[in-house]
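First comes the structure, then the notes that go with it.
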Amino acid sequence: MVTTIIFDCFGVLLGNTYKQRLATLEQEDPKKAEELRGINHASDRGILSREESATYMAQLLDVEPEELLAEQDSGEVQNAELLEFIATLKGKYKLGLLSNINSRERLGIRFDPGQLDSLFNTVVASGDEGFVKPEPEIYEITATRLGAEPSECVMIDDIAEFCEGARGVGMQAIQFLNTKQCITDLKALLDRC
């Protein structure tokens, strides 16, 4: 039985320019792509601040840090349709947000004041916890904060590896490909359960 739904942020609730850059770089220069991934992971763990990671990424990509930060900000458009759907789930399910980002504060500034707290019962940022998806601990922390067993949870994430990480601790998972598919797949899963 599903009692709890956990959503990823970037690439699901918000656009993700980092993912787009990484995909391009993986085709052009796999070594640089691996370096970019390493910088991003250090930021997600809370080791680097947003500004520090932007500086390192900008050096790697041969752009100005301000250009990179502006690109991130302009690309992080809210998925209004999915956020409206999530609001309809409130009260029927426990809702969580789990994101690989360096702090809860960095998540909060991307939404209207109070918006995250009005939608989600808990918000977990990897950098505050010291674990990142797909490490099992981060999923377990999120389930515990929601007062749920992993078997009662479904994770929505755009990255297949992170869906597999959720399944590894006993959660169900839906890979987000687009909003319509995500909502359809989630409704079907909830109807079955």
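Here the structure is a predicted model, which means the values were calculated and not measured.
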Would you indicate whether the side-chain heavy atoms of [Y] and [X] approach each other to under 4.5 Å?
{"X": "Glu71", "Y": "Glu67", "answer": "no"}
{"X": "Val77", "Y": "Leu14", "answer": "no"}
{"X": "Ile156", "Y": "Cys182", "answer": "yes"}
{"X": "Phe10", "Y": "Gln72", "answer": "no"}
{"X": "Met155", "Y": "Phe162", "answer": "no"}
{"X": "Leu97", "Y": "Val124", "answer": "no"}
{"X": "Ser53", "Y": "Tyr18", "answer": "no"}
{"X": "Met57", "Y": "Ser43", "answer": "no"}

(request) Have a look at Glu129 and tell me which of Arg45, Arg104, Arg145 forms a salt bridge (Lys or Arg N to Asp or Glu O under 4.0 Å) with it. (result)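 For Glu129, the salt bridge (Lys or Arg N to Asp or Glu O under 4.0 Å) check succeeds only for Arg145.
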Closest approach of [X] and [Y], non-hydrogen atoms and distance?
{"X": "Ser49", "Y": "Glu52", "result": "N-OE1, 2.8 Å"}
{"X": "Asn102", "Y": "Gly46", "result": "CB-CA, 3.9 Å"}
{"X": "Ser118", "Y": "Lys90", "result": "O-CE, 3.5 Å"}
{"X": "Leu13", "Y": "Phe7", "result": "CD1-CB, 4.5 Å"}
{"X": "Leu95", "Y": "Leu146", "result": "O-CD2, 3.5 Å"}
{"X": "Met171", "Y": "Ala143", "result": "CE-CB, 4.1 Å"}

For the [atom1] atom of [X] and the [atom2] atom of [Y], what is their distance to the nearest 0.5 Å?
{"X": "Ile183", "Y": "Phe176", "atom1": "CD1", "atom2": "CZ", "answer": "8.0 Å"}
{"X": "Ile86", "Y": "Glu81", "atom1": "CD1", "atom2": "CD", "answer": "11.0 Å"}
{"X": "Lys19", "Y": "Asn40", "atom1": "NZ", "atom2": "CG", "answer": "12.5 Å"}
{"X": "Ile174", "Y": "Cys163", "atom1": "CD1", "atom2": "SG", "answer": "8.5 Å"}
{"X": "Leu89", "Y": "Thr4", "atom1": "CG", "atom2": "OG1", "answer": "11.5 Å"}
{"X": "Ile159", "Y": "Glu164", "atom1": "CD1", "atom2": "CD", "answer": "13.0 Å"}

(request) May I ask you to check whether Asn79 and Thr179 show a side-chain donor-acceptor distance below 3.5 Å? (result) yes
(request) Ignoring hydrogens and angles, state whether a donor on the side chain of Gln181 or Gln175 is under 3.5 Å from an acceptor on the partner side chain. (result)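 No, Gln175 and Gln181 have no side-chain donor paired with an acceptor closer than 3.5 Å.
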Counting only N and O atoms by type, is there a donor-acceptor contact under 3.5 Å from the side chain of [X] to the main-chain atoms of [Y]?
{"X": "Ser126", "Y": "Ile101", "answer": "yes"}
{"X": "Arg110", "Y": "Glu76", "answer": "no"}
{"X": "Thr24", "Y": "Gln20", "answer": "yes"}
{"X": "Gln115", "Y": "Asp112", "answer": "yes"}

State yes or no: do [X] and [Y] share one hydrophobic cluster built from I, L, V, M, F, W and Y residues joined by side-chain heavy-atom distances below 4.5 Å, directly or via other members?
{"X": "Val63", "Y": "Leu48", "answer": "yes"}
{"X": "Leu82", "Y": "Leu107", "answer": "yes"}
{"X": "Val123", "Y": "Leu98", "answer": "no"}
{"X": "Leu61", "Y": "Leu22", "answer": "yes"}
{"X": "Ile39", "Y": "Val132", "answer": "no"}

(request) Taking only Lys NZ, Arg NE, NH1 and NH2, and the carboxylate oxygens of Asp or Glu, determine whether Lys94 and Glu152 approach each other closer than 4.0 Å. (result)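 No, this pair does not count.
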(message) What I want to find out is whether Arg192 reaches Asp185 closely enough, with some N-O distance under 4.0 Å, to be called a salt bridge.
(response) no
(message) Under the criterion side chain to side chain contact (heavy atoms under 4.5 Å, CB included), I'd like the reasoning laid out for Arg50 against Leu69: C-alpha separation, chi angles, the key distance, then a yes or no.
(response) CA-CA 9 Å; Arg50 178 178 193 239; Leu69 290 170; 3.5 Å; yes
(request) Test Lys133 against every option in Asn100, Asp44, Asp8 by the side chain to side chain donor-acceptor pair (under 3.5 Å) rule and name the one that passes. (result)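 The passing option is Asp8.
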(message) Exactly one of Val2, Ile6, Val169 should register a side-chain contact (heavy atoms from CB on, under 4.5 Å) with Cys153. Which one does?
(response)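 The side-chain contact (heavy atoms from CB on, under 4.5 Å) with Cys153 is passed solely by Ile6 among Val2, Ile6, Val169.
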(message) Using the rule side-chain contact (heavy atoms from CB on, under 4.5 Å), only one of Thr184, Ile5, Val154 pairs with Leu189; which is it?
(response) Val154
(request) For Glu64, look at atom CD and say whether over 12 heavy atoms of other residues, nucleotides or ligands are found less than 6.0 Å away. (result)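 Atom CD in Glu64 is not crowded, with 12 or fewer foreign heavy atoms closer than 6.0 Å.
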(request) Please check if atom OH in Tyr56 has more than 12 non-hydrogen atoms from other residues, nucleotides or ligands closer than 6.0 Å. (result) no
(request) For Phe111 and Leu119, run side chain to side chain contact (heavy atoms under 4.5 Å, CB included): C-alpha distance rounded to whole Å, both residues' side-chain angles, the deciding distance at 0.1 Å, then the answer. (result) CA-CA 11 Å; Phe111 294 87; Leu119 287 172; over 6 Å; no
(message) Among residues at least two apart in sequence or on other chains, which ones pass side chain to side chain donor-acceptor pair (under 3.5 Å) with Lys31?
(response) Glu35
(request) Output all residues satisfying side chain to side chain donor-acceptor pair (under 3.5 Å) with Arg106, sequence neighbours left out; order by chain, then residue number. (result)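 Listed in chain order: nothing, the list is empty.
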